[in-house]
Amino acid sequence: MLNSNSQFFWYAGELVCAGSLTLPVDEPGLLYGATVFTTLRVYSQSLEAPLTNWAGHCQRLKRSLRALDWQTPDWKRVRQGAEALVPYFPVLRITLFSDGREWITGRSLPPNLGDWQRQGIVAWLAESSRFQRSLPVHKTGNYLPTWLARQSAMQKGAQESILVNQQGDWLETSTGNLWGWLDGEWWTPPLKAGILPGLMRSQLISWLMSQNRTIREEPWCLDLVMEFEAIAYCNSVVEVVPIHGILRRDSQLAYDPFHQGFQQLRGLF
């Protein structure tokens, strides 16, 4: 009998009860990270729940497939695989190979998520060029730079890393998009800066606009981030998590994790 402690996943049209996946030795996804993926949180155990945003996740995958000129998967089969895992996992990762095969895995929410959302986390500023993402507007299997950045952050006692461009502007975290509060408004780095167009970012922007709030999409230079009263990051799994401390090479920045502005962002949920 399947349960959340079992090892199983969906691959190429079948539910596989195993803890490993067999791939050909010449598989481009294995050799070069030639996959695209999306990670979604399933609300109310339903792909149709508005916050699950199933359609948005599929649309982002489709845009990447078109841009990379890869084969289209059987979307009915992708949906079937997701539905098979929904009863057991609150988080699904949907991976698509260049030839159209689908691979869907499930996992639990981070065990410390409640504490992160209430108290905030510490992030580390990843200022080296080796942490810059390739093809930043797509979620590809080549996630080595961001993985390295997050590993380095955890070695320094932080829970997240913040990526920067060659000019030193802050872009995003290793797993999400950034938000900052200043002068009664929320600020977020613009897409043209070369960041991932996160789906939670898009949902929050739509929510804030529906509440007649102004969102400032501007580059995050150091002078700007030094003025922020509060900073947070978001993604489709953790929702919104405040950042109360940022470790730099020679200093540490502090922000208010209990700022009243967070109530606006959390209003979406």
Side-chain angles (χ1 to χ4, degrees), residues 39-41 43 51 53 90-91 108-127 131 146 149-164 169-190 193 195-209 211 213-248 251-269:
T39 305
L40 58 97
R41 178 171 174 174
Y43 291 80
L51 285 174
N53 197 14
V91 179
S108 302
L109 291 169
N112 297 326
L113 180 55
D115 291 336
W116 293 352
Q117 291 173 331
R118 288 188 296 270
Q119 303 171 15
I121 65 163
V122 174
W124 171 69
L125 195 61
E127 299 178 83
F131 300 126
T146 52
R150 195 156 188 261
Q151 294 301 305
S152 296
M154 290 189 291
Q155 291 171 6
K156 293 171 174 58
Q159 291 77 49
E160 258 293 351
S161 60
I162 294 177
L163 310 182
V164 302
D169 294 341
W170 296 14
L171 300 176
E172 57 196 344
T173 73
S174 56
T175 64
N177 294 112
L178 287 167
W179 291 86
W181 177 273
L182 175 64
D183 295 335
E185 297 175 339
W186 280 110
W187 299 57
T188 187
I195 66 171
L196 181 74
L199 294 176
M200 182 53 64
R201 177 184 183 274
S202 297
Q203 286 178 287
L204 286 170
I205 289 175
S206 296
W207 162 253
L208 291 172
M209 292 179 65
Q211 303 299 306
R213 302 293 182 179
T214 301
I215 302 96
R216 300 286 298 272
E217 296 186 68
E218 303 287 346
W220 279 29
C221 65
L222 183 58
D223 288 343
L224 176 63
V225 299
M226 294 286 284
E227 294 184 43
F228 286 140
E229 300 170 32
I231 287 182
Y233 81 101
C234 72
N235 66 40
S236 294
V237 174
V238 304
E239 299 176 343
V240 177
V241 172
I243 299 174
H244 66 76
I246 297 175
L247 306 178
R248 302 175 63 202
S251 63
Q252 180 172 343
L253 303 178
Y255 298 92
D256 182 5
F258 308 110
H259 196 280
Q260 62 180 3
F262 289 124
Q263 296 176 7
Q264 293 182 10
L265 295 183
R266 291 171 179 147
L268 174 63
F269 310 102

Has the side chain of [X] got a donor or acceptor atom that lies under 3.5 Å from a matching backbone atom of [Y]?
{"X": "E229", "Y": "Y255", "answer": "no"}
{"X": "E172", "Y": "I195", "answer": "no"}
{"X": "N235", "Y": "T175", "answer": "yes"}
{"X": "E127", "Y": "V164", "answer": "no"}
{"X": "S161", "Y": "A153", "answer": "no"}

Would you give the length of the straight line joining atom [atom1] of [X] to atom [atom2] of [Y], rounded to the nearest 0.5 angstrom?
{"X": "L163", "Y": "L178", "atom1": "CG", "atom2": "CG", "answer": "8.5 Å"}
{"X": "T173", "Y": "I243", "atom1": "OG1", "atom2": "CD1", "answer": "6.5 Å"}
{"X": "Y233", "Y": "Q159", "atom1": "OH", "atom2": "CD", "answer": "8.5 Å"}
{"X": "Q155", "Y": "Q151", "atom1": "CD", "atom2": "CD", "answer": "7.0 Å"}
{"X": "F269", "Y": "L204", "atom1": "CZ", "atom2": "CG", "answer": "5.0 Å"}
{"X": "N177", "Y": "C234", "atom1": "CG", "atom2": "SG", "answer": "5.0 Å"}

Checklist entry - Taking the inter-plane angle between the rings of W186 and W179 on a 0 to 90° scale, is it parallel (under 30°), tilted (30 to 60°) or perpendicular (over 60°)? => result perpendicular
Checklist entry - Do the rings of W181 and H259 sit parallel, tilted or perpendicular, given the 30° and 60° boundaries? => result tilted
Checklist entry - Around M154, counting heavy atoms of other residues, nucleotides and ligands shown, do more than 12 lie under 6.0 Å from its CE? => result yes
Checklist entry - More than 12 heavy atoms of other residues, nucleotides or ligands under 6.0 Å from CD of Q211: is that the case? => result yes
Minimum-distance pair of heavy atoms, taken over all atoms of [X] and [Y]:
{"X": "I121", "Y": "E160", "answer": "CD1-CB, 3.7 Å"}
{"X": "R118", "Y": "F258", "answer": "O-CE2, 3.1 Å"}
{"X": "T146", "Y": "S174", "answer": "O-CB, 3.6 Å"}
{"X": "W124", "Y": "S152", "answer": "CZ3-CB, 3.5 Å"}
{"X": "F228", "Y": "L182", "answer": "CD2-CB, 3.7 Å"}
{"X": "A232", "Y": "V240", "answer": "CB-CG1, 3.9 Å"}

Next on the checklist: Filter on side-chain hydrogen bond (donor to acceptor under 3.5 Å, both in side chains), then keep only pairs touching residues 195-207, sequence neighbours left out; what's left?
Outcome noted: R201-E217
Checklist entry - Got a salt bridge between R213 and E185, using NZ or NE/NH1/NH2 to carboxylate O under 4.0 Å? => result no
Item to check | Lys/Arg-Asp/Glu bridge criterion (N-O < 4.0 Å) met for R41, E239 | outcome: yes
Close side-chain approach of [X] and [Y], heavy atoms under 4.5 Å:
{"X": "T214", "Y": "W187", "answer": "no"}
{"X": "L171", "Y": "P189", "answer": "no"}
{"X": "M200", "Y": "S236", "answer": "yes"}

Checklist entry - Are T39 and V91 close enough, and set up right, to give a side-chain contact (heavy atoms from CB on, under 4.5 Å), and what steps lead you there? => result CA-CA 7 Å; T39 305; V91 179; 3.6 Å; yes
Item to check | Verdict with reasoning, L268 to L208, per side-chain contact (heavy atoms from CB on, under 4.5 Å) | outcome: CA-CA 8 Å; L268 174 63; L208 291 172; over 6 Å; no
Next on the checklist: Applying side-chain contact (heavy atoms from CB on, under 4.5 Å) to I231 and W170, what does each step give before you reach the verdict?
Outcome noted: CA-CA 12 Å; I231 287 182; W170 296 14; 4.0 Å; yes
Next on the checklist: Set out, in order, the CA-CA distance, both residues' side-chain angles and the distance that settles side-chain contact (heavy atoms from CB on, under 4.5 Å) for L125 and L247, then state yes or no.
Outcome noted: CA-CA 6 Å; L125 195 61; L247 306 178; over 6 Å; no
